[in-house]
Amino acid sequence: MRGTLAGRITLVCLAVAGVAVIVAGLVGARLIRTTADNALQSSLAAQADVVASQLDETGIGNRLGVGKVADVVRGQGISVVVRRAGGQALGDAVAVQAAGKLGLAADHSGRVTVAGSQYLVETRVVGARGAAFALVLPARNAQATQRALVRNILLALGIGLLVAAVAGFVSGRLLGRPLRRAALAAGSLRAGRRDVRVPVQGPREVAEVAGSLNALADALAVSEARQREFLLSVSHELRTPLTAVTGFAEAIADGVASGPDAVRAGQTIQREAARLSRLVEDLLELARLGADEFRLDPAPLDLAALVRDCAEVWQLRCAGEDVRLSVSVPSAPVFVVADARRLRQVVDGLAENALRVTPSGAPMVFSLSVSDSSASLAVRDGGPGLAPEDYPVAFERGVLNARYRDRRPVGSGIGLALVHALVTRMGGTLTAGPAPEGGAAFTLTFPSAAPPAR
């Protein structure tokens with residue numbers, strides 16, 4: 001099971017705080033020990049200075065042996081060692097040994113070890129004849145101070161860990177709230193709703209997730225609207241030939257059409273069936289273009305020769321419709337890299353669209369131009385053209401069909417989308433714009449290529 005974001009953030013905060021506690025403890029223990037020792041040594045030195053300031057050489061024995069100063073010092077757990085001028089050191093045996101290790105010949109301050117135990121020692125010389133005394137404090141007193149400090153620090157660190165856990169949990173909940181909203185919105189999108197939106201709040205990364213989800217919802221709404229329009233367009237295109245096929249087939253089956261009428265009915269059925277076949281083939285080609293297994297066979301080809309071959313066929317078609325076809329092609333070969341069969345399909349598709357809207361007596365043009373790095377073929381017509389706002393969406397499925405099918409002859413609504421996809425897959429570009437002849441111009445451009453090796 002995957003943990004929640006709040007739980008993970010809490011664990012991270014605890015881990016970071018734990019590492020900080022360990023590091024702080026290791027560093028702090030050393031600092032505490034050193035600080036406690038230094039503080040006790042400084043305190044012991046200060047007391048030794050006070051005692052020395054109140055004594056003289058003649059009174060050192062009595063005053064330190066039974067006097068009030070010695071009593072006060074001993075009350076703090078400090079042993080007193082006295083050495084008269086020229087005499088032996090007097091006092092607790094362990095304290096005398098500790099003072100002797102450090103030396104009573106001069107003022108000293110330090111730490112010594114006696115019988116495995118450590119002691120802090122302060123020695124002072126009093127008077128001119130060498131009388132001296134020493135204050136000896138067991139180092140375990142410093143350890144008690146250290147333990148007290150460690151306990152206080154551990155308490156503070158424990159409180160810090162608790163605060164880190166609470167802060168991590170609260171932060172995780174706050175950060176996870178917009179993500180949970182985004183997850184709920186994604187579930188609604190999966191269920192079919194397209195009106196859900198997520199507030200763009202929180203840190204930048206979380207806000208980007210919310211913004212991306214809102215953009216996805218908008219894109220899905222637009223895509224589904226286009227799909228509905230496309231299906232309506234295709235169903236309209238299918239309904240017309242199907243109605244004709246069904247009606248004439250019924251007439252032949254019922255015996256209403258016979259003789260020459262039956263022949264005309266059969267010819268109509270044949271034409272409409274061919275139209276249905278072309279529509280279905282276009283749909284299949286468009287679907288295959290989006291699949292990985294769609295194959296192209298690109299190779300260097302002479303675009304000028306291909307245009308001349310197309311022009312021979314379309315001269316006859318245009319003459320039958322009383323349309324003047326004008327062809328402008330360089331005499332020299334123009335090489336590009338493309339799939340010859342698919343490129344011929346593209347040119348035929350553009351020519352068929354142009355011929356469909358070109359009225360009798362108007363021109364249709366094939367114009368091939370060459371630059372230093374590319375070759376461009378424009379298929380132009382003298383028809384009514386498109387509105388300026390329609391050129392940018394000319395290659396979207398079914399858009400032009402839906403806008404113009406009640407005003408002029410239109411195709412299936414997928415022809416331009418198909419040729420645009422083919423040109424793009426072959427590495428070229430296809431653009432739409434107004435033509436000098438008054439209609440529309442569709443221009444496909446390919447990078448120039450070297451001639452094929454012999």
Side-chain angles (χ1 to χ4, degrees), residues 237 267 271-272 274-275 278-279 282 301-336 338 340-371 374-388 390-392 394-395 399-401 403-420 422-423 428-446:
E237 290 296 318
Q267 292 172 345
R271 286 195 306 271
E272 297 303 319
R275 181 179 173 188
R278 288 194 302 270
L279 178 59
D282 285 348
L301 61 89
D302 184 359
L303 184 56
L306 185 142
V307 174
R308 283 191 288 268
D309 292 341
C310 289
E312 290 182 4
V313 175
W314 286 97
Q315 286 283 7
L316 298 176
R317 291 279 303 274
C318 290
E321 300 290 338
D322 193 23
V323 171
R324 294 180 288 107
L325 177 61
S326 174
V327 182
S328 175
V329 180
S331 57
V334 178
F335 288 101
V336 297
R341 183 173 66 89
R342 295 297 184 181
L343 189 54
R344 177 64 184 266
Q345 181 182 352
V346 168
V347 177
D348 287 341
L350 294 176
E352 180 146 0
N353 279 344
L355 183 59
R356 184 185 300 116
V357 296
T358 303
S360 298
M364 191 172 88
V365 178
F366 287 171
S367 176
L368 178 60
S369 59
V370 182
S371 67
S374 63
S376 299
L377 171 62
V379 179
R380 308 195 299 263
D381 64 72
L386 302 175
D390 290 335
Y391 288 111
F395 304 112
V399 173
L400 296 185
N401 181 285
R403 295 184 182 181
Y404 291 99
R405 64 189 173 199
D406 296 330
R407 289 181 280 172
R408 67 177 71 164
V410 293
S412 63
I414 59 176
L416 288 176
L418 176 60
V419 297
H420 181 267
L422 284 171
V423 171
T429 60
L430 181 61
T431 58
E437 292 77 14
F442 294 90
T443 305
L444 56 94
T445 303
F446 285 91

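Computed over heavy atoms, backbone and side chain alike; hydrogens, waters and symmetry mates excluded.
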Asker: Mind telling me whether F442 and F395 have parallel, tilted or perpendicular rings, with 30° and 60° as the class edges?
Answerer: perpendicular
Asker: What distance separates S326 OG from Q315 CD, expressed to the nearest 0.5 Å?
Answerer: 8.5 Å
Asker: Could you tell me the separation between the CG atom of L422 and the CZ atom of R341, rounded to the nearest 0.5 Å?
Answerer: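 Separation between the atoms: 9.5 Å.
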Asker: Please tell me if the side chains of T443 and L377 come closer than 4.5 Å, counting only heavy atoms from C-beta onward.
Answerer: no
Asker: Minimum heavy-atom separation for A354 to V379, with atom names?
Answerer: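 For A354 versus V379, the nearest heavy atoms are CB-CG1, 4.3 Å.
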Asker: I'd like to check the salt bridge (Lys or Arg N to Asp or Glu O under 4.0 Å) partners of D322; sequence neighbours left out, ordered by chain and number.
Answerer: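 Not a single residue meets the salt bridge (Lys or Arg N to Asp or Glu O under 4.0 Å) criterion with D322.
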Asker: Taking C-beta and beyond as the side chain, do V323 and L355 meet within less than 4.5 Å on heavy atoms?
Answerer: yes
Asker: State the CG-CG distance between N353 and D381, to the nearest 0.5 angstrom.
Answerer: 9.0 Å
Asker: Can you see which heavy atom on A311 is nearest to which on L325, and at what distance?
Answerer: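 Closest pair (atom of A311, atom of L325, distance): O-CD2, 3.8 Å.
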Asker: Taking the side chain as every heavy atom from C-beta outward, state whether D302 and F335 have any pair of such atoms under 4.5 Å apart.
Answerer: yes
Asker: Between T431 and Y391, is any pair of side-chain heavy atoms under 4.5 Å apart?
Answerer: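 Of all side-chain heavy-atom pairs linking Y391 with T431, none is under 4.5 Å.
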Asker: So, for A338 and L343, which heavy atoms are closest and what is the spacing to 0.1 Å?
Answerer: CB-CD2, 4.1 Å
Asker: How close do A351 and W314 get, heavy atom to heavy atom, and via which atoms?
Answerer: CB-CE2, 3.5 Å
Asker: CG of L303 to CZ of R308: how many Å apart, nearest 0.5 Å?
Answerer: 10.0 Å
Asker: Which heavy-atom pair separates A394 from L416 by the least distance, and what is that distance?
Answerer: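 Shortest heavy-atom separation between A394 and L416 comes out as O-CD1, 3.5 Å.
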Asker: What's the spacing between L350 CG and M364 CE if we round to 0.5 Å?
Answerer: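 Separation between the atoms: 10.0 Å.
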Asker: Not counting sequence neighbours, which residues clear side-chain contact (heavy atoms from CB on, under 4.5 Å) with P330? List them please.
Answerer: V334, L368, V370
Asker: Can you name the salt bridge (Lys or Arg N to Asp or Glu O under 4.0 Å) partners of D348, sequence neighbours left out?
Answerer: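 Once residues adjacent in sequence are excluded, the partners of D348 under the salt bridge (Lys or Arg N to Asp or Glu O under 4.0 Å) criterion are R344.
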Asker: Give the minimum heavy-atom separation between A441 and P434, together with the two atoms involved.
Answerer: CB-O, 4.0 Å
